[in-house]
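Contents: one structure, followed by commentary.
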Amino acid sequence: MFNSTFLKKVSCLLMVSCLVAQTLIGCGSKDSETTTKYCVAKQIYTATQLSQQVESDIYVEAIEGLSDDFIKGVDISSIIAQENSGVKYYNIDGEEEDIFKILADAGVNYIRVRVWNDPYDSDGNGYGGGNCDAQTAATIGKRAAEYGMKLLVDFHYSDFWADPAKQFAPKAWADKTADEKAELLYEYTKSALETILDAGANVGMVQLGNEINNGMSGETVWKEISKLLAKGIDAVNEVETDYGMDILTAIHLTNVDNLDKIKTITERLGNNGVDYDVCAFSYYSYWHGDYENLTAAMEYVHNTYGKKVMVAEFSWAYTGEDGDGQGNSISTGDEAEGTTFSVQEQANIIHDVSELVSNIGEDGLGVFYWEPAWIPVNYIDWSLDNAEELYEANKTAWETYGSGWASSYSSDYDPNDAGVYYGGSSWDNQALFDFNGKALASLYTFAYLNYGSTTDLAVEFIETPEVEVNIGSALELPDTVYVHYNNRDENKELAVTWNEDEVSVIDTNVEGEYTVKGTLDDGTVVSCNITISLFNWIENPSFEDTDYSMYTITSDNSASYPDYQTKGSDAYTGSVAVHFWDTSDMNFSIEQTVTGLENGTYEFTVMAQGGDIGEDDTFYIYAKVGDEIYTQEFTLAGYANWQTPVLVSIPVTDGEVTVGVSVSATAKAWGTFDDFYLYKVD
């Protein structure tokens, strides 16, 4: 292998990564008082294009039929703030280089950059998150073009973060009607794009809004949102003509786990005449579920409306460690079954998501990995004496240069979130650079996608079996464990011998948790976790299985709420929970009928969190046994303040009970329910 000399060895034989002198970028005409020629000569690199399979530190299977034009993109919107904070980047050989060259040499051919209208307070202090205004995008776009990379401009049409939970209008638009916003959006889009193009960026796509599932720029009605989008598209089309360029227009959705919502949104956009080119999706498997959810969303939009599709955001962690003192969006324990946090798993995710998009055909444009360079300003090893000093230096940089996700100055715009929880990067463990700025092998997956890469076969991780035993039942341990390799074609079950001394001391008549060790034939030590507890009779109790047919939802607007939301931070266990929120009053219940029970006395409980509850809102869990209904009221007490209502002494006499949660809530109340439990206690 040439893990330490990758760039030197393959550049002379297998890749095109050469300097092309005086290539013309962004040539065309620009209308003003007099027509002038717009033509900027640039020194550019072309992104790495391998011509055959190579040997590396990771195993990557080639994607059959992958187009040479497939977008292999990354979003590095925070990069200027990072560099201003003193962050440096190094290629896989450990040599300091311009990050744009590192990316191009790793096969990246497209850069995505977010744009906020005015991410500054009245004194000019930046809100953070990269302080991503149009001028910052112009600087990034110019540098990207110098290394042969196109630019996707991601307009949030907000002064700070826009996502499904918040779509604030820019400060200057706050008191405007939707029609007035549409005109302002048109002018802003055109002006910002001209700024970016005049700097020398090679803009290939413009994204109008960011994760607009629930609204955009303070508008929540799709007729009004469509006006904004249509005017943005008009602006892009005019700039495209003025500059003699081909620029695609994209809308951006998320929550592919809720296909019904995707269908509703795209139908309303179609009915309102929004003529976009690309439907882009966010896909984070730890929030949005299995690959099937992503494929279903892309295929639906492509097949129904003939739109091009792509993944605008995705990522995965290589470690569970926190590098800067901020804490991470995902950490150890958030891995789905059959996954791990590692460099190889990052490569697997990049490969798999790219393959899913490529499978759409020529209208599957490509992918963008989100913020792979958002690493610590200073890496903190908390075991060292200087840890607190480095943490203080990080906080200073986050405030001064905007290299954290939010600064304290953002409180004037987003007082309830960014203004309270401001700080560093929660994404550093999902970067494609280590905490000290050295490129990980996973970054180079982009270069390997067409022809693949090989490496020595090695165990990636071994799954730890989780055995649940009902109190008083016999303990049965699995005969095998599942072993994952860097080459996934080699994954297999291997026989295991458990330590009998450790097994013999476990008393299944007493509730408790245990771990026993075992060995494989080659001497490898493995573990098995054992939980002895009362048996839960609810099927799919924490909603991790995507088959929800055992549940019945009764709602006065079931297309809007509740839904099965994949978002680990809003779930009590796992990553899925029943979620509700709407702009109208809500009345619904979710229940499950359990049969085949032993007669006796049972208890039912759920985990519940939420907020913005009205004075007359009511919540209760219930059990229906024959003609009898038993209830227990409760309330919600804020984010992550999990409530545990318990309904006791449920008498089951015919082996059947229906249990559930009932909600009557005013508009904009919100919450999630997770972990339904039904126990036999007597």
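One-based numbering along the sequence shown.
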Donor-acceptor pair, side chain of [X] and main chain of [Y], under 3.5 angstrom:
X	Y	value
K181	S217	yes
N293	A296	no
D675	S542	no
S410	S407	yes
Y413	D159	yes
Q643	N641	yes
D617	G614	yes
S158	F168	yes
N540	E544	yes
D324	S425	yes

Going by atom types only, do [X] and [Y] share a side-chain donor-acceptor pair under 3.5 Å?
X	Y	value
T339	E345	no
N529	T515	yes
Y622	E591	yes
Y639	Q609	no
N272	S226	yes
S589	S662	no

Taking H579 as the fixed residue, which of D563, D674, T672 is the one that meets the side chain to side chain donor-acceptor pair (under 3.5 Å) rule?
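Single side chain to side chain donor-acceptor pair (under 3.5 Å) partner of H579 among D563, D674, T672: D563.
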
Is the ring centre of [X] less than 6.0 Å from the ring centre of [Y]?
X	Y	answer
F673	F580	yes
W537	F535	yes
F341	Y318	no
F543	Y551	yes
W161	Y421	no
Y602	F604	no
W398	W405	no
Y157	W116	no
F281	Y283	no
Y300	H302	no

Could you list the residues that satisfy side chain to side chain donor-acceptor pair (under 3.5 Å) with N214, not counting sequence neighbours?
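Only K261 meet the side chain to side chain donor-acceptor pair (under 3.5 Å) criterion with N214.
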
Run the side chain to side chain donor-acceptor pair (under 3.5 Å) test against T332 and tell me which residues pass, sequence neighbours left out.
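Once residues adjacent in sequence are excluded, T332 has no partner under the side chain to side chain donor-acceptor pair (under 3.5 Å) criterion.
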
Under a 4.0 Å threshold between the charged nitrogen and the carboxylate oxygen, would R112 count as salt-bridged to D154?
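Yes, charged N to carboxylate O under 4.0 Å.
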
Strictly below 4.0 Å, N to O, side chains only: are R488 and E460 in salt-bridge contact?
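So R488 does not pair with E460 through a salt bridge.
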
Fit a plane to each ring of H484 and Y482, take the angle between them on a 0 to 90° scale, and name the class: parallel (under 30°), tilted (30 to 60°) or perpendicular (over 60°).
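Correct class here is perpendicular.
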
Verdict with reasoning, E371 to S78, per side chain to side chain donor-acceptor pair (under 3.5 Å):
CA-CA 7 Å; E371 287 284 8; S78 64; 2.9 Å; yes

